[in-house]
Amino acid sequence: MDLHIIITIFLIGFIGSFISGMVGIGGSIIKYPMLLYIPPILGMAAFSAHEVSGISAIQVFFATIAGVWAYRKGGYLNKTLIIYMGASILIGSFIGGYSSGVMSEGGINLVYGILAIIAAILMFFPKKGIDDIPLDQVTFNKWAAAGLAFIVGIGAGVVGAAGAFVLVPIMLVVLKIPTRMTIATSLAITFISSIGATIGKITTDQVLYGPAAIMIVASLLASPLGAKAGQKVNTKILQAVLALLILGTSIKIWMDIL
């Protein structure tokens, strides 16, 4: 790799990880299209969908560790939700990550597009009153949480994401979890999901370790900064940022698919 591609990958990783730490996602919703489209726009060699999904899987693993660490003392981590959704998404993401080795690039992009459009639709559902619930009085349907996490995990494992860009709107809209608890808890669940996706990608030889290492360094630097910023920003602004990111990405992916 020459200096230009190293700098490009680092900046993609840094910007994506800062935003992901702030809004509680692993970052693949941002970094997947950036890695897919920006290098060729700048005249560099393009990564394939398999390579991008492999790099994303490794990067998300480290970005979410840093994000969870930044949120560890705020009282926002819901341990019951982490156990139920984390166990289910781990199994699903391993199945998706392993099976993606036999899928075409178009198939991977299609799965990504479906996940993104579902997340975009959910983000525009009304979420009135969820931030008025005291954190110690939050309740949710455990089996709905586990089942939805398993389904999301399969799709997320295919594209090398950890699924937080779908989990966050599910937690906000379906499970009615307050925004800051959703952001912190989704990072922990995303970390668990990324374990399955990463193992699936490595065992099917879909990872470019050089670019992945650059993304990891960028993630470890930027994700905690984003998480600290997210604790200070108004929750409605956080929801709006995430909704716009998901909507914009889904439009771009579907334009390419169609």
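Numbers for residues simply follow the sequence, beginning at 1.
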_side chain to side chain contact (heavy atoms under 4.5 Å, CB included) against I151, all qualifying residues, sequence neighbours excluded_ =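 Checked I151 against side chain to side chain contact (heavy atoms under 4.5 Å, CB included); zero matches.
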*asked:* Checking L220 now: which residues fulfil side chain to side chain contact (heavy atoms under 4.5 Å, CB included) with it, not counting sequence neighbours?
replied: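 So L220 forms a side chain to side chain contact (heavy atoms under 4.5 Å, CB included) with F62, A66, I216.
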_Within residues 3-16 or reaching into it, pairs that qualify as side chain to side chain donor-acceptor pair (under 3.5 Å) - sequence neighbours excluded_ =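 Non-adjacent pairs meeting side chain to side chain donor-acceptor pair (under 3.5 Å): zero.
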How long is the span from the [atom1] atom in [X] to the [atom2] atom in [Y], to the nearest 0.5 Å?
X: I114; Y: I117; atom1: CD1; atom2: CD1; result: 10.5 Å
X: M44; Y: I38; atom1: CE; atom2: CD1; result: 10.0 Å
X: M34; Y: L11; atom1: CE; atom2: CG; result: 8.5 Å
X: I177; Y: T185; atom1: CD1; atom2: OG1; result: 7.5 Å
X: L167; Y: T182; atom1: CG; atom2: OG1; result: 10.0 Å
X: F18; Y: S219; atom1: CZ; atom2: OG; result: 13.5 Å

*Quick one: side chain to side chain donor-acceptor pair (under 3.5 Å) partners of Y209, sequence neighbours excluded?*
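Checked Y209 against side chain to side chain donor-acceptor pair (under 3.5 Å); zero matches.
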*asked:* Are F191 and I83 connected into the same hydrophobic cluster when the rule is that any two of I, L, V, M, F, W, Y join if their side-chain heavy atoms are below 4.5 Å apart?
replied: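 No; F191 is not reachable from I83 via cluster members.
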_Running the 4.5 Å side-chain criterion over Ile, Leu, Val, Met, Phe, Trp and Tyr, what cluster does F150 land in, apart from itself?_
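Its cluster partners, ordered by chain and number, are I91, I95, I154.
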For [X] against [Y], the heavy-atom pair lying closest together:
X: T80; Y: K142; answer: CG2-CE, 3.8 Å
X: L175; Y: F140; answer: O-CB, 4.1 Å
X: V166; Y: V152; answer: CG1-CG2, 3.8 Å
X: A149; Y: I89; answer: O-CG1, 3.4 Å
X: G13; Y: A218; answer: C-CB, 3.6 Å
X: P211; Y: I55; answer: CB-CD1, 3.6 Å

*Looking at I189, I192, I199, which one forms a side-chain contact (heavy atoms from CB on, under 4.5 Å) with L90?*
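Among the candidates, only I192 passes.
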*Should V207 and E51 be marked as a side chain to side chain contact (heavy atoms under 4.5 Å, CB included) after you check the CA-CA gap, both sets of side-chain angles, and the distance that decides it?*
CA-CA 6 Å; V207 179; E51 290 168 343; over 6 Å; no
_Please determine whether side chain to side chain contact (heavy atoms under 4.5 Å, CB included) holds for the pair L77 and I82, giving the CA-CA distance in whole Å, both sets of side-chain angles, and the decisive distance to 0.1 Å._
CA-CA 8 Å; L77 293 168; I82 292 170; 4.3 Å; yes
*V217 and F14, any side-chain heavy atoms less than 4.5 Å apart*: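 Contact flag for F14/V217 side chains = no.
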*asked:* Has S88 got a side-chain atom pairing as donor or acceptor with M85's backbone, closer than 3.5 angstrom?
replied: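 Not confirmed, S88 side chain does not pair with M85 backbone.
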*Step-by-step side chain to side chain contact (heavy atoms under 4.5 Å, CB included) determination, L225 to L221*: CA-CA 7 Å; L225 297 176; L221 292 172; 5.8 Å; no
_Would W254 and L110 count as a side chain to side chain contact (heavy atoms under 4.5 Å, CB included) here? Give the steps._
CA-CA 8 Å; W254 279 105; L110 179 62; 3.7 Å; yes
*Taking only residues two or more places apart in sequence, or in another chain, which ones meet Y84 in a ring-ring contact (aromatic ring centres under 6.0 Å, His included)?*
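By the ring-ring contact (aromatic ring centres under 6.0 Å, His included) rule, Y84 matches W143.
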*Take atom OH in Y98; do more than 12 heavy atoms of anything else shown fall under 6.0 Å from it?*
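Open.
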